[in-house]
Amino acid sequence: MNKYLSISPEVQQALQSGRPVVALESTIISHGMPYPQNVETAMRVEQTIRDYGAVPATIAVIGGQLTAGCTPDQIEHLGRKGTEVTKASRRDLPVLVARREDGATTVTTTMIIAAMAGIRVFATGGIGGVHRGAENTMDISADLEELAQTPVMVICAGPKAILDLGLTLEYLETKGVPVIGYGTDELPAFYTRHSGFMVDYRIDTPQELAQAFQAKMEMGLRGGMLVTNPIPEEYSMPADIINRAIDDALAEANRLGIRGKEITPYLLDKIQQLTGGDSLAANIQLVLNNARLAARTARELCR
Ligand code: PSU
Ligand code: MN
């Protein structure tokens, strides 16, 4: 094991004895939700994973250590400091670690650290993708490259419509990443269950998710698998309301010239403001829903 990696005793013991572990990211805590809902949600997600029979491993960079299994104090610290914590993607790890700084891990770096630790299933809310207008900006999330090369199953509620969903699917196809719909043929779009795009395969059980991922690993095919799990109907948002908020947020971001790593956190925050907190409530519910599926799937993988 490398000297930069710290695994909590609980996570370490679960991995050694072949018990199920689910990775969780920390950018969603520091950059994806306001305090204190971010910390409350992170703790609720951990509890949900326990309730469903797996061990949660919230991942972050803490004082330069790649940490799998943050303590409640560390989660509180990441949530309270919010956007003051560096949003850490793959390119940020070398300098953050050398300087012994903190970093909130995105889907990309959570996958990297999960794989280092031997964790195979990861639950989150949304992933990054190909941004609208990427033909000019070349803004394509590193999350897609990581899915292409790192062997972790990522369970999300689909890419948000702040992205170009069609281009995101094309990119994943090129990179050989299976896009699975859990109980659906249609790609869910985070706040809503519908996008108008089809997934590659529909899978209806955690057992079959585990079998497909296992087959990918055993064949030695590089990379992960993307599972898109639709937000429960009762929490999904009216498409017209959310689409208007997204369009307004995108227009404002354009006007302000926001680019690079700032754009995703900016849009998430703006959409939350524009929808008066309804989107935050939906966001929390879909993460809990993904945590349940991830715990069940991690258990199947351990059979
Ligand atoms: N999309 C969401 N919620 C999030 C993110 C994306 O709906 O919290 C976060 C995740 O951590 C994701 C990151 O990995 O933003 C992607 O950032 P970027 O677009 O800069 O790659
Ligand atoms: Mn980007």
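Computed over heavy atoms, backbone and side chain alike; hydrogens, waters and symmetry mates excluded. Numbering starts at 1 and runs along the sequence shown. These numbers were taken from a predicted model, which means no experiment stands behind them. Indexing begins at 1, ligand by ligand and atom by atom, following the structure's order.
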>> Taking 4.0 angstrom as the limit and counting only heavy atoms of Thr27, give me the atoms of ligand 1 inside it, by number and element.
In response: 11 (O)
>> I'd like to know if the side chain of Gln74 pairs up with that of Thr67 as donor and acceptor (distance under 3.5 Å, no hydrogens or angles considered).
In response: no
>> Please work out, at 4.0 Å between heavy atoms, whether the side chain, the backbone, both, or neither of Thr106 comes within that distance of ligand 1.
In response: both
>> Students should be able to answer this: which protein heavy-atom is nearest to atom 21 (O) of ligand 1, and at what distance?
In response: Ser141 OG, 2.7 Å
> Is Glu25 touching ligand 1 with its side chain, its backbone, both, or neither, if touching means heavy atoms under 4.0 Å apart?
Replying inline: side chain
> Is the closest side-chain donor-acceptor distance between Thr192 and Ser236 under 3.5 Å?
Replying inline: no
>> My understanding is that only residues two or more places apart in sequence, or in another chain, count here; which of them pass side-chain hydrogen bond (donor to acceptor under 3.5 Å, both in side chains) with Asn38?
In response: none
> Between Met217 and Gly223, what is the shortest heavy-atom contact and its length?
Replying inline: CE-O, 3.8 Å
>> If only side-chain N and O atoms count, and only distance matters, is there a donor-acceptor pair under 3.5 Å linking Arg80 with Tyr35?
In response: yes
> Which atoms from ligand 1 have a heavy atom of His131 less than 4.0 Å away?
Replying inline: 19 (O)
> Is there a donor-acceptor contact under 3.5 Å linking the side chains of Gln214 and Glu218?
Replying inline: yes
>> Suppose the cut-off is 2.8 Å; which protein N/O/S atoms would you list for the Mn ion (ligand 2)?
In response: Asp139 OD1
> Do Asp204 and Arg202 pass the salt bridge (Lys or Arg N to Asp or Glu O under 4.0 Å) test, and can you show the C-alpha distance, the side-chain angles, and the key distance before you say yes or no?
Replying inline: CA-CA 7 Å; Asp204 291 326; Arg202 169 183 176 149; 2.9 Å; yes
> Are Thr105 and Thr109 linked by a side-chain donor-acceptor pair shorter than 3.5 Å?
Replying inline: no
> Counting each atom of ligand 1 from 1 as listed, which ones have a heavy atom of Lys160 under 4.0 Å away?
Replying inline: 2 (C), 3 (N), 7 (O)
>> Any nitrogen or oxygen of Ile28, side chain or backbone, less than 3.5 Å from one on ligand 1?
In response: no
> Where does Asp143 meet ligand 1, judged by heavy-atom distances below 4.0 Å: at the side chain, the backbone, both, or neither?
Replying inline: side chain
> Do Arg19 and Ser17 have a side chain donor and acceptor closer than 3.5 Å?
Replying inline: yes
>> Do Glu25 and Thr110 pair up side chain to side chain, a donor and an acceptor below 3.5 Å, judged on atom types alone?
In response: no
> Is a side-chain donor or acceptor of Ser195 paired with a backbone partner of Leu187 at a separation under 3.5 angstrom?
Replying inline: yes
> Which residue holds the protein heavy atom closest to atom 19 (O) of ligand 1, what is that atom called, and what is the gap in Å?
Replying inline: Thr264 OG1, 2.6 Å
> Which of the atoms of ligand 1 are close to Lys87, meaning less than 4.0 Å from one of its heavy atoms?
Replying inline: 17 (O), 18 (P), 20 (O)
> At under 4.0 Å between heavy atoms, which part of Leu268 makes contact with ligand 1: side chain, backbone, both or neither?
Replying inline: side chain
